[in-house]
Amino acid sequence: MKFHLPWKREQEKKEYTLIYDGNGGRQNGERFVRRSFWLPDGDFGKEKKFVSNTDGGNLTVETVFSNSDLKCVGYYARKRTEEGWIWYGTDHNWHDSFYDSTVCKQLIPIAASVEPLYEAVDDEIYLVAQWEDEHGIRRNCGYEIFSKKLMAHAFGGMDGTTYHNTAEAFEHGKKEGYQSFEIDLSYTEDDRLVLCHGWTENNCKCTGVSYKPEFAHMTYEQAMQIPIHGHSIMDARQFYEKAKNEPAYTFEIDFHNIKKGNEKRVAAMLEDFRQDEGLLDRLLMQVYSQPMYEQIDSVYHFANYMYLVGLNIDKLDAILTYCLDHGICSVAMRTNFVTKENVRKVHDAGLYAFCYTVSDDAVYANYLFQLGVDMICTDFVTEKALEATKETFGRYPFMVWYNSNHKEAVSHYPETSDGDENAGTLTRLKSGNLEYRDKTIWEHTEGQTTVGMRIRSTGKTICRMETAHIH
């Protein structure tokens with residue numbers, strides 16, 4: 001098999017580009033992750049794409065990758081436009097989304113001709129490999145992490161407290177049945193990584209530590225002497241010794257929203273983790289911005305990345321485009337930004353939807369799963385609790401709050417008079433969004449109707465829902 005750029009149709013003297021995305025597959029025995037590619041001379045590169053074509057003949061789909069005992073059942077096709085990525089659908093047209101359930105992405109089988117995909121000679125068509133196991137379950141890049149529904153926040157809550165990151169919490173989390181864990185790696189002034197949420201005054205409130213001003217210049221020796229909720233902390237090397245022989249567990253790495261210097265943190269982590277690819281491939285690297293991703297990836301290209309949206313939900317489309325440009329397999333959204341539309345956008349892009357943080361409300365967690373999220377970060381919700389509370393959302397009395405999901409919003413709710421106990425309250429959140437909190441108690445009985453969304457911006461309705469009825 002020959003790999004070269006570009007592919008030339010000898011008859012018409014036109015050049016076409018076909019780019020294969022391994023989506024977790026391997027080529028020639030080497031680990032192949034999204035964004036890596038094979039140069040014509042066979043050297044393994046760090047560029048953004050992998051080009052594979054044949055000389056002359058028909059332009060057809062090839063078997064390029066292998067993936068342990070998984071089978072490549074074909075490819076999805078996508079291409080880049082000025083507005084973002086679009087996908088080839090079952091109606092033989094290109095789509096940026098799939099609102100209509102009658103149209104979905106077209107699976108292009110091995111050996112099929114891809115010439116119909118080209119609307120112009122200079123199109124760059126990306127073929128994204130789709131992998132299935134013997135049971136027909138789709139297992140693409142990131143599956144080993146996102147096949148678990150729950151991720152234990154800082155190893156999970158214990159004894160009614162959170163933000164642990166301790167060995168005791170890790171053991172407790174495993175007993176609770178978690179297989180995926182979030183851990184916080186903080187960097188000391190003498191260039192060591194320790195498992196801790198940090199030492200700011202607010203962080204200390206979370207971890208049960210009495211704050212001291214000298215924490216602003218934390219050293220490794222100081223950090224290791226500060227217990228978290230009464231338990232000793234671990235450094236990254238101690239964590240590695242515990243995690244290296246636990247192949248069933250995956251870990252999200254949170255460096256926090258560090259603007260500069262992530263290169264040093266990654267280099268320190270690689271040294272502490274002994275460059276162990278077996279563990280590195282089980283990590284989900286969380287990034288907060290494009291510069292943070294580029295800093296981390298310049299040191300080591302991890303198999304799994306997650307982009308945290310934070311308060312930038314209005315930039316979700318641009319974030320998804322960036323994720324596809326750079327091979328980031330998932331995005332993390334706050335619970336209040338999880339909607340069917342936002343989750344659909346993430347899934348249309350072929351990415352996983354992650355949600356944070358549901359502390360202990362299993363009923364709410366089940367509701368978020370109904371909206372389509374793939375994984376939830378939690379302190380205390382367990383698989384047993386999820387099973388016990390299935391289909392109970394709305395069964396008990398509750399209230400409805402309306403969030404504008406937009407900073408430039410104004411209220412059109414009627415002004416309330418003093419003494420009106422049933423009136424709702426309007427709040428401007430730190431994010432800039434408006435939130436109306438209806439005080440009406442819903443009791444899951446017939447006949448109740450919501451007040452509807454009455455928050456608008458620049459003359460447009462932020463939310464299309466005007467009223468809803470309980471059924």
Side-chain angles (χ1 to χ4, degrees), residues 151-176 178 180-246 249-276 278-280 282-286 288 292 295-296 299-300 302 357 377 379:
M151 176 180 286
H153 179 220
F155 288 138
M158 183 174 66
D159 301 327
T161 56
T162 58
Y163 293 92
H164 283 266
N165 286 296
T166 61
E168 287 80 5
F170 186 24
E171 294 304 317
H172 180 267
K174 290 191 289 186
K175 290 178 182 178
E176 288 292 299
Y178 298 112
S180 187
F181 301 88
E182 183 262 0
I183 62 174
D184 301 289
L185 286 181
S186 294
Y187 200 55
T188 66
E189 288 214 342
D190 45 352
D191 305 330
R192 289 293 301 275
L193 285 172
V194 298
L195 275 69
C196 180
H197 195 63
W199 304 283
T200 66
E201 190 169 359
N202 285 335
N203 286 338
C204 287
K205 291 178 182 178
C206 296
T207 56
V209 173
S210 298
Y211 173 75
K212 297 178 181 179
E214 55 263 34
F215 287 177
H217 302 283
M218 185 67 70
T219 66
Y220 172 76
E221 184 178 356
Q222 284 178 296
M224 296 302 291
Q225 294 175 358
I226 301 174
I228 304 298
H229 299 303
H231 298 286
S232 300
I233 70 171
M234 290 187 288
D235 62 31
R237 296 173 187 177
Q238 291 169 329
F239 166 71
Y240 169 71
E241 293 301 322
K242 288 184 174 294
K244 66 179 181 180
N245 296 320
E246 302 265 22
Y249 302 119
T250 59
F251 305 93
E252 180 209 317
I253 301 297
D254 190 354
F255 284 141
H256 301 289
N257 193 6
I258 303 299
K259 307 298 183 185
K260 297 180 180 179
N262 287 291
E263 297 93 339
K264 294 173 63 177
R265 288 167 169 77
V266 174
M269 187 180 75
L270 294 176
E271 180 180 352
D272 291 342
F273 290 179
R274 306 292 190 265
Q275 297 275 350
D276 184 345
L279 177 60
L280 297 177
R282 289 188 278 128
L283 302 183
L284 178 64
M285 300 300 297
Q286 179 168 279
Y288 291 73
M292 185 175 183
Q295 290 170 30
I296 292 174
V299 180
Y300 185 86
F302 292 90
T357 299
C377 186
D379 295 310

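Residues passing the salt bridge (charged side-chain N to carboxylate O under 4.0 Å, His left out) test with Glu241, sequence neighbours excluded: Lys244. Annotation: side chain to side chain donor-acceptor pair (under 3.5 Å) contacts of Gln222 (sequence neighbours excluded): Thr219. With sequence neighbours excluded, the residues satisfying side chain to side chain contact (heavy atoms under 4.5 Å, CB included) with Gln238 are Met224, Met234, Asp235. By the ring pair (Phe, Tyr, Trp, His ring centres under 6.0 Å) test, Tyr249 is found to be paired with Phe181, residues two or more places apart in sequence or in another chain being considered. Phe239 is linked by a ring pair (Phe, Tyr, Trp, His ring centres under 6.0 Å) to Phe251, Phe273, counting only residues two or more places apart in sequence or in another chain.
The two residues Thr250 and Ser180 make their nearest non-hydrogen contact at OG1-OG, 3.1 Å. Smallest separation of non-hydrogen atoms from Ala169 and Ala154: CB-O, 4.4 Å. Here the closest heavy-atom approach between residue Met158 and residue Glu168 is recorded as SD-O, 3.9 Å. Across Tyr163 and Cys206, no two heavy atoms sit closer than the pair CD1-CB, 3.5 Å. Across Pro227 and Val209, no two heavy atoms sit closer than the pair O-CG2, 3.5 Å. Closest non-hydrogen pair, Tyr240 versus Asp276, comes out as OH-OD2, 2.9 Å.
At a threshold of 4.5 Å between non-hydrogen side-chain atoms, the residues Glu246 and Lys174 count as touching. Residues Val299 and Leu270 are in side-chain contact: their nearest non-hydrogen atoms beyond the backbone lie under 4.5 Å apart. A 4.5 Å side-chain heavy-atom check between Ile226 and Met218 finds at least one atom pair inside the cut-off. By the 4.5 Å heavy-atom criterion applied to side chains, Asn203 and Phe215 are not counted as neighbours.
Crowding of Glu221 atom CD: a count of heavy atoms from other residues, nucleotides or ligands under 6.0 Å not exceeding 12.
Here salt bridge (charged side-chain N to carboxylate O under 4.0 Å, His left out) pairs that include residues 254-268, with residues two or more places apart or in two chains, are Asp191-Lys264.
Rounding to the nearest 0.5 Å gives a distance of 8.5 Å between NE2 of His164 and NE2 of His172. Atom NE2 of His231 sits about 13.0 Å away from atom OG1 of Thr207, to the nearest 0.5 Å. Note that CD of Glu176 and CD of Glu171 are 12.5 Å apart. Values are rounded to the nearest 0.5 Å. With rounding to the nearest 0.5 angstrom, the CG atom of Leu193 is 5.5 Å from the CG atom of Leu185. Met269 CE to Phe302 CZ: the interatomic distance, rounded to the nearest 0.5 Å, is 3.5 Å. Rounded to the nearest 0.5 angstrom, Lys212 NZ and Cys204 SG are separated by 10.5 Å.
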*Ile233 and Leu195: CA distance, side-chain angles, deciding distance, side chain to side chain contact (heavy atoms under 4.5 Å, CB included) verdict*: CA-CA 6 Å; Ile233 70 171; Leu195 275 69; 5.7 Å; no

*Passes side chain to side chain contact (heavy atoms under 4.5 Å, CB included), Thr357 versus Glu182? Steps please.*
CA-CA 11 Å; Thr357 299; Glu182 183 262 0; over 6 Å; no

*Please lay out, stage by stage, how Thr188 and Trp199 fare under the test side chain to side chain contact (heavy atoms under 4.5 Å, CB included).*
CA-CA 10 Å; Thr188 66; Trp199 304 283; 4.1 Å; yes

_Applying side chain to side chain contact (heavy atoms under 4.5 Å, CB included) to Ile253 and Ile183, what does each step give before you reach the verdict?_
CA-CA 6 Å; Ile253 301 297; Ile183 62 174; 3.5 Å; yes

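At least one donor-acceptor pair closer than 3.5 Å links the side chain of Asp190 to the backbone N or O of Tyr220. With hydrogens and angles disregarded, no donor-acceptor distance shorter than 3.5 Å links the side chain of Asn257 to the backbone of Tyr288.
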